[in-house]
Amino acid sequence: MRLILLGPPGAGKGTQARRLLERFGIIQLSTGDLLREAAATGTSAGLKAHEIMSRGELVPDDMVVAIVAERLSRPDCAKGFILDGFPRTVGQAEALYRLLHDKGLSLDAVVQIKVDEDILVQRVEARVKEMEARGETVRADDTPLVLRRRLAAYHAQTEPLVDYYLRKGLLVSVDGMLPIDQVTAEIEALLAKLPRAGAG
Ligand code: AMP
């Protein structure tokens with residue numbers, strides 16, 4: 001099973017990816033996590049990525065694609081993967097197509113998680129307050145202001161992927177405002193209807 005989870009920041013892609021990987025025994029590949037790891041190494045590329053991420057903007061395609069290409073070449077991706085936060089531009093989607101095509105592989109589905117963005121911003125505001133009250137460190141890009149910038153980047157650069165994958169016949173959509181368990185159940189039901197679902 002090779003899946004993409006598509007949706008704005010805060011839609012629950014990471015949460016759903018973690019649930020699906022348990023169900024299907026495949027791995028989750030979050031470019032946000034991989035970029036945060038790269039940033040933590042302190043290399044000049046990592047620091048540049050960190051700066052861009054803190055502003056809520058997108059890291060350049062070539063850097064993200066290189067990270068994904070390296071990750072997809074590892075043996076643990078052989079059974080399949082869930083991409084969470086990638087692709088985020090049409091250029092990344094095309095690079096992914098080429099990467100998979102060269103390995104004789106293709107995607108099974110792109111799951112769009114639809115959400116109400118005003119409610120998302122309210123949720124982030126509430127989460128930040130709770131974390132601050134507990135004395136926890138809030139991620140630099142997890143503030144309401146940066147979230148609004150990330151949402152703007154989503155609309156400008158990532159939303160075109162909805163049409164892109166619709167035209168390819170790969171897009172399925174779920175209501176991300178439902179309770180977490182129900183979103184998972186909806187995704188599983190949609191995946192069960194795919195011709196190759198469960199084929200690995
Ligand atoms: P995420 O954890 O998926 O919300 O990503 C956090 C941040 O990492 C984003 O706001 C971007 O700055 C950066 N990022 C993650 N994935 C990508 C991607 N596919 N392309 C460009 N930037 C990305």
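Just so it is clear, the model here is predicted, and its values are computed rather than measured. Ligands are counted one by one from 1 in listed order, and the atoms in each one are counted from 1 as well. The first residue of the sequence shown is numbered 1, and numbering continues consecutively from there.
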Exceeds 12 heavy-atom contacts within 6.0 angstrom, atom CZ of R148: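 Result for CZ/R148: open.
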
For E159, side chain to side chain donor-acceptor pair (under 3.5 Å) partners two or more places apart: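 E159 satisfies side chain to side chain donor-acceptor pair (under 3.5 Å) with H155 only.
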
Those residues that, when tested against E51, pass side-chain contact (heavy atoms from CB on, under 4.5 Å) (two or more places apart):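 By the side-chain contact (heavy atoms from CB on, under 4.5 Å) rule, E51 matches R55.
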
Check ion pair E57-R149 (N to O, under 4.0 angstrom):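 No salt bridge links E57 with R149.
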
Side-chain ion pair, R19 and D181, N-O less than 4.0 Å: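 Yes, this pair counts.
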
Sequence-distant partners of D102, salt bridge (Lys or Arg N to Asp or Glu O under 4.0 Å), two or more places apart: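 For D102 there are no salt bridge (Lys or Arg N to Asp or Glu O under 4.0 Å) partners, ignoring immediate neighbours.
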
Per-ligand residue contacts, ligand 1, heavy-atom threshold under 4.0 Å: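 The 4.0 Å shell around ligand 1 contains T31, G32, L35, R36, M53, E57, L58, V59, V64, G85, F86, R88, Q92, R139, D141, R150.
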
